[in-house]
2 protein chains.
Amino acid sequence: MNKRKNEEIAYEKIKRAIMLKRLVAGQRVTEDWVSNELEMSRTPIRAAFTKLENEGLIELVPHRGAFVCSPSDKELEDVFNLRIVLESYAAELAVHQMTSEHFQQMDRLLDEEVKAYEDKDYEEFLRINALIHAYPAQVAGNRFLLQEIQRLNQWSDCYLILRDNFYTTAMDEVLSVPEHLEVVKALKKRDVAASKKAIEAHMLSTLTDLAERTSIFN
Amino acid sequence: MNKRKNEEIAYEKIKRAIMLKRLVAGQRVTEDWVSNELEMSRTPIRAAFTKLENEGLIELVPHRGAFVCSPSDKELEDVFNLRIVLESYAAELAVHQMTSEHFQQMDRLLDEEVKAYEDKDYEEFLRINALIHAYPAQVAGNRFLLQEIQRLNQWSDCYLILRDNFYTTAMDEVLSVPEHLEVVKALKKRDVAASKKAIEAHMLSTLTDLAERTSIFN
DNA sequence: TATATAGAAATTGTATACAATCTTTAAACA
DNA sequence: TGTTTAAAGATTGTATACAATTTCTATATA
């Protein structure tokens, strides 16, 4: 039996709290407070904080506490543009290595994404979404590329504001399904250029959609 | 006065030990052992280990210890190819933002690189090298891109084997200076394609050179 | 009112003791 | 000889106490 360590539990719970906006951007959290909330000592909390800082989800200020990151518009853009570069590269590497088994697996993931959307299971939706975006890098077998794609994807999830005040119909999720389908279609045709284009289009669509939903007037 | 924390000191010292091959690839190090060597408690050592693992320099195996990474040939290739992608993208972003002050600064860095090489000051050489490679991303102002370029550059440094058994004339350093000059020349001409090509050439040259120096027969 | 300052409070940083878990060793057994 | 098993040892994982540092607060002073 492999018992999960407290520092892992703490890491997961804090990350989840940020994604679900239980902890909002800019909010201050101290080791002591989290330690009380999660009913464990500060030691595993500190370890979790270190990891979260490394992933850019919180900022650690000595003797002040940790602050949930509140990224600027520019930072959001920067991340999405970088994701275009990385995921396009992954597609380029993977496109000629993908077997029919790989494509079957992608189809399965797309189905699960639809199901999660219909069930309105947002956490499951995000989980499947991450798997879809990481899949080409996984096939390519470049673990450094994979790790960075996953990190940036996770970072994006924290600021997708799925549960913000303006949330109504989750437009980006509606668009996400057909856009992912476009990417997979291009991959199946072994069309590198089309794959890249579809990835770029999907990423920019997500970003634009986010910008529209979070602007005050529209 | 800003006193440096023990965990920072530990992090730096361990990293340096890996780069200088005082700790060799595959070697096992325990918290206790480092704790005794650096004469501080395990607490800051643990924090340092976490950071080093996140950067891919050591691998943490529960209840066994930390192991200095010993990357395969494929992983080395993967990292260098990814660096080509990232640094090319940085050049593309920066090329039209660079002012004459930026170019002056790059020239200064190139001079310092030559000086460090002539002085046979390897640590200084690596430091300047890192600054040169990061400079376009710095100018571009995308902190996520910058961070990843720095991380991968540092990772590469740990496996450049500057001080391995076959080390004699540090060929890659000899080549490095003119190759960096090529990149800067292309940037000055605002030639995106040429910049990318020069970056790719430099990166592949470093990789090939490394492969030759570390192969047993040649 | 604004500013400086001292002390209190809060928070992280570190050391250490102990618990939990895993690995190694050696003995028992087939 | 090889395999299982149990106990010992090693190592990390966690809690906690205390130290160091910073921030906050209230008071004094101009």
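Not measured: the values here are computed from a predicted model. Below, chains carry the letters A, B, ... as their sequence lines are ordered, and counting in each starts from 1.
- Rounded to whole Å, atom P of D:dT14 lies 7 Å from atom NZ of A:K5.
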Just distance, no hydrogens or angles: give the donor-acceptor pairs under 3.5 Å from side chains in residues 59-67 of chain B, sequence neighbours left out.
none

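- Ion pairing of A:E123 with A:R16 is present here, as a side-chain N (NZ or NE/NH1/NH2) and a carboxylate O approach within less than 4.0 Å.
- Around the CD atom of A:Q104, the shell of radius 6.0 Å holds more than 12 heavy atoms that belong to other residues, nucleotides or ligands.
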Using a cutoff of under 3.5 Å, can you pull out all pairs of nitrogen or oxygen atoms linking the protein to nucleotides 15-17 of chain C, with atom names and distances?
| from | atom 1 | to | atom 2 | distance (Å) |
| --- | --- | --- | --- | --- |
| C:dA15 | OP2 | B:S41 | N | 2.8 |
| C:dA15 | OP2 | B:S41 | OG | 2.7 |
| C:dA15 | N7 | B:T43 | OG1 | 2.7 |

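- In summary, A:K51 and A:E12 do not engage in a salt bridge, as defined by a charged side-chain N under 4.0 Å from a carboxylate O.
- Comparing the axis of the opening five pairs of the helix from C:dT1-D:dA30 to C:dA30-D:dT1 with that of the closing five pairs yields an angle of 10°, rounded to 10°.
- DNA chain C is contacted by no residue of residues 53-60 of chain A, taking any non-hydrogen atom closer than 4.0 Å.
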Could you list, one pair per line, each protein nitrogen or oxygen that sits under 3.5 Å from a nitrogen or oxygen of nucleotides 6-11 of chain C, together with the distance?
| from | atom 1 | to | atom 2 | distance (Å) |
| --- | --- | --- | --- | --- |
| C:dT11 | OP1 | A:R28 | NH2 | 3.0 |

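- Side-chain contact annotation: A:S176 with A:E113, donor-acceptor N/O pair under 3.5 Å present.
- Scanning residues 8-18 of chain B for heavy-atom distances under 4.0 Å to DNA chain D yields an empty list.
- Taking atom CG on B:N36 and atom P on D:dT11, their separation rounds to 11 Å, with Å as the unit.
- Open room surrounds CG on B:D73; 12 or fewer heavy atoms of other groups in view lie less than 6.0 Å from it.
- B:R4 places its CZ atom 14 Å from the P atom of C:dG13, with the value rounded to the nearest Å.
- Applying the side chain to side chain donor-acceptor pair (under 3.5 Å) criterion to A:Q154, with sequence neighbours excluded, gives A:K15, A:E55.
- Here A:R46 pairs with B:E7 in a salt bridge; the nearest charged N to carboxylate O distance falls below 4.0 Å.
- Among residues two or more places apart in sequence or in another chain, the side chain to side chain contact (heavy atoms under 4.5 Å, CB included) test is passed with A:V184 by A:M106, A:D107, A:L110, A:K188.
- With sequence neighbours excluded, the residues satisfying side chain to side chain contact (heavy atoms under 4.5 Å, CB included) with A:N6 are A:I9, A:M40, A:P44.
- In terms of the side chain to side chain contact (heavy atoms under 4.5 Å, CB included) criterion, residue partners of A:A90 (sequence neighbours excluded) are, by chain and number, A:P136, A:A137, A:L145, A:I149.
- Residue-to-nucleotide proximity on DNA chain D shows that, of A:P62 and B:R46, the 5′-proximal contact is made by B:R46.
- For the pair B:K74 and B:E77, the salt-bridge criterion is not met [side-chain N within less than 4.0 Å of a carboxylate O].
- Considering only residues two or more places apart in sequence or on other chains, A:F144 meets the ring-ring contact (aromatic ring centres under 6.0 Å, His included) condition with B:W155.
- Using a 4.0 Å cut-off between a side-chain N of Lys or Arg and a carboxylate O of Asp or Glu, A:D111 and A:K115 do not qualify as a salt bridge.
- In this view, A:V139 and A:A94, A:Q97, A:M98, A:H102, A:Y135 satisfy the side chain to side chain contact (heavy atoms under 4.5 Å, CB included) rule, not counting sequence neighbours.
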